[in-house]
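The chains referred to below are lettered A, B, ... by the order of the sequence lines, with proteins before strands, and numbering in each begins at 1. All values below come from the heavy atoms of this structure, side chains included, with hydrogens, waters and symmetry mates left out. Just so it is clear, the model here is predicted, and its values are computed rather than measured.
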2 protein chains.
Amino acid sequence: MTRFRQAVRTLLRSEILDAAYQLVTDEGWAGLRVAPVARIAGCSRQTVYNEFGTNAKDAIGLALVEREAEHFLLGIQAQLDAHRASLEEAATAGVGFVLRRAVDNPLIRSVLTAARGGQDDELLAYLTTRPEPVFDTATTMLDAYAADAWPEVDAVSRSLAVETIVRLTVSHIVQPAADPEESARRIAVITTRIAYPGKA
Amino acid sequence: MTRFRQAVRTLLRSEILDAAYQLVTDEGWAGLRVAPVARIAGCSRQTVYNEFGTNAKDAIGLALVEREAEHFLLGIQAQLDAHRASLEEAATAGVGFVLRRAVDNPLIRSVLTAARGGQDDELLAYLTTRPEPVFDTATTMLDAYAADAWPEVDAVSRSLAVETIVRLTVSHIVQPAADPEESARRIAVITTRIAYPGKA
DNA sequence: CCAAGGTGTCAACGGCTTGAACAGCCCTGC
DNA sequence: GCAGGGCTGTTCAAGCCGTTGACACCTTGG
């Protein structure tokens, strides 16, 4: 109810996710247990279930991915703000930022390597077969940003461009091409052509 | 009991003290009311009393001063670490750091100006007539540090030097001389002579 | 003199954490 | 094959703690 209570809830979620993040990057998602998460977070096991409900492990995985995505989105916004004048430059900077950070992001590394080795692809699914959480957040933010920064692009073209840049970027995270910078430039060209169809 | 619970208590105290700090620097200690503190801290008035007990206002004032002192002590330690080789240089750096920061520290400024104007010297008393909380913390920390860094100074000389440097520094905070750097050098000389009585 | 506002306290309420216990499941090792 | 152990998901009672509203008391200013 009060702001302090909300702060406590936020703190609790944060502590639990921090603990889960650490355990996932150390030992992989498959080896994650609820009890160690609670121990490292400094609360009881039941508190984790109270906060994340039944199937706490899945909810933690989703929250982990969402938080990481939100983290990326903050960085992307900074990149876009620095290249607001040109859509293509902004796209290059934003995608380049994501691809560069993705290769040394502990969580993504852990998920990718684990999935390549065995069948531990539960978290990877949020980037492949069940990417709605990430896609929705990213497209919503980017669409709002694009509508504000490049109003000359009509709604349909904007929607097409945003969906394309999100899907291509995620694709390159999961299956990286040789050079992140080159990939970013290519994605930016594609996005720009979709946004400005007349500008042959 | 659990680490999370402790974190919640710490957070609560922190929020309350932040709110009080803001109100004191804005409107002075005399105008401080418990209700606004609770409102800004984001909790109920009763919670403030639960946390700080009867005479909550006094307890908050003490906690405010102690936290500020602790903040200074952290900075002092960094200065000492950077000049561990020479007691005089370390003393100059430490005292200089304190005197420089003191003149633009919002809390100290607010307390000093309010006390010079009216009779609102309740907080100032922690630096003048009732300085035990600050003195005790500072002397304890400095004595331990000195025993570790300059073991060649005997216990009696060390105790004398630590007490002197603390008292003189606080005196210069309340009643600043012309130049903080010059004051620091003078205090350092005095302290060094007390610590090494033979080294005429 | 009294109205207003701040203080310190209390009891009831409710949310939330905790610890304990239990059934179901999976895996390991005998 | 099977017994044992570890983990999961769930429930329950107990207790802590913040919140709320009310109250008596004091100080202050019109």
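A straight line from CZ of F4(B) to P of dG19(C) spans 13 Å, rounded to a whole angstrom. Remark: P of dT19(D) and CD of Q6(A) are 11 Å apart, rounded to the nearest angstrom. Across the protein-nucleic acid pair, D58(A) atom CG and dG9(D) atom P stand 8 Å apart, rounded to whole Å. One interatomic measurement links the two molecules: OH of Y49(B) to P of dG6(C), which rounds to 11 Å at whole-angstrom precision. The separation between R9(B) atom CZ and dC17(D) atom P is 7 Å, rounded to whole Å. The CZ-P distance, from R3(A) to dG18(D), rounds to 16 Å in whole Å. Atom-to-atom, NZ of K57(A) to C1' of dG9(D) comes out at 13 Å; the value is rounded to the nearest Å. In this structure, N55(A) atom CG and dC25(C) atom P are separated by 14 Å, rounded to whole Å.
Two residues are said to be in side-chain contact when any heavy atoms from C-beta on lie closer than 4.5 Å; L17(B) and F52(B) meet this criterion. Y21(B) has its side chain out of reach of I40(B): every pair of non-hydrogen atoms, C-beta onward, lies at least 4.5 Å apart.
Remark: D179(A) does not engage R186(A) in a salt bridge, criterion side-chain N to carboxylate O under 4.0 Å.
With sequence neighbours excluded, the residues forming a side-chain contact (heavy atoms from CB on, under 4.5 Å) with D154(A) are V156(A), S157(A), listed by chain and number.
Distance check: E66(B) CD to D136(B) CG gives 10.0 Å after rounding to the nearest 0.5 Å. The CG atom of L124(B) lies 6.0 Å from the CG atom of L127(B); values are rounded to the nearest 0.5 Å.
Surrounding CZ of R84(B) are more than 12 heavy atoms belonging to other residues, nucleotides or ligands, all under 6.0 Å away.
In this structure, of dT20(D), dT17(C), dC16(C), it is dT20(D) that holds the atom nearest to the side chain of Q46(B). Comparing dG18(D), dT9(C), dT18(C) by their nearest atom to the side chain of R45(B) picks out dT9(C). Among the nucleotides dG9(D), dG18(D), dT17(C), the one closest to any side-chain atom of R5(A) is dG18(D). Comparing dT8(D), dG15(C), dT20(D) by their closest approach to the side chain of T2(A) singles out dT20(D).
A heavy atom closer than 4.0 Å to some atom of DNA chain C occurs in R33(B), V34(B), these being the qualifying members of residues 32-43 of chain B. For the segment residues 11-26 of chain A, the set of residues with a heavy atom within less than 4.0 Å of an atom of DNA chain C comprises L12(A), in numerical order.
T54(B) comes within 4.0 angstrom of the backbone, heavy atoms only, and of no base. Nucleic acid contact for N50(B): base, since at least one base atom lies under 4.0 Å from a heavy atom of the residue.
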* To do: For the pair D18(B) and R67(B), evaluate salt bridge (charged side-chain N to carboxylate O under 4.0 Å, His left out) and give the outcome as yes or no after the intermediate values.
  => CA-CA 10 Å; D18(B) 287 348; R67(B) 193 178 68 161; 3.0 Å; yes
* **side-chain contact (heavy atoms from CB on, under 4.5 Å) between Y126(B) and V111(B), intermediate numbers included** => CA-CA 10 Å; Y126(B) 289 120; V111(B) 169; over 6 Å; no
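Screening V162(A), V166(A), L168(A), I165(A) for a side chain to side chain contact (heavy atoms under 4.5 Å, CB included) with T191(A), the sole residue that qualifies is I165(A).
For T47(B) and dT19(D), the shortest distance from a side-chain N or O to OP1 or OP2 is below 4.0 Å.
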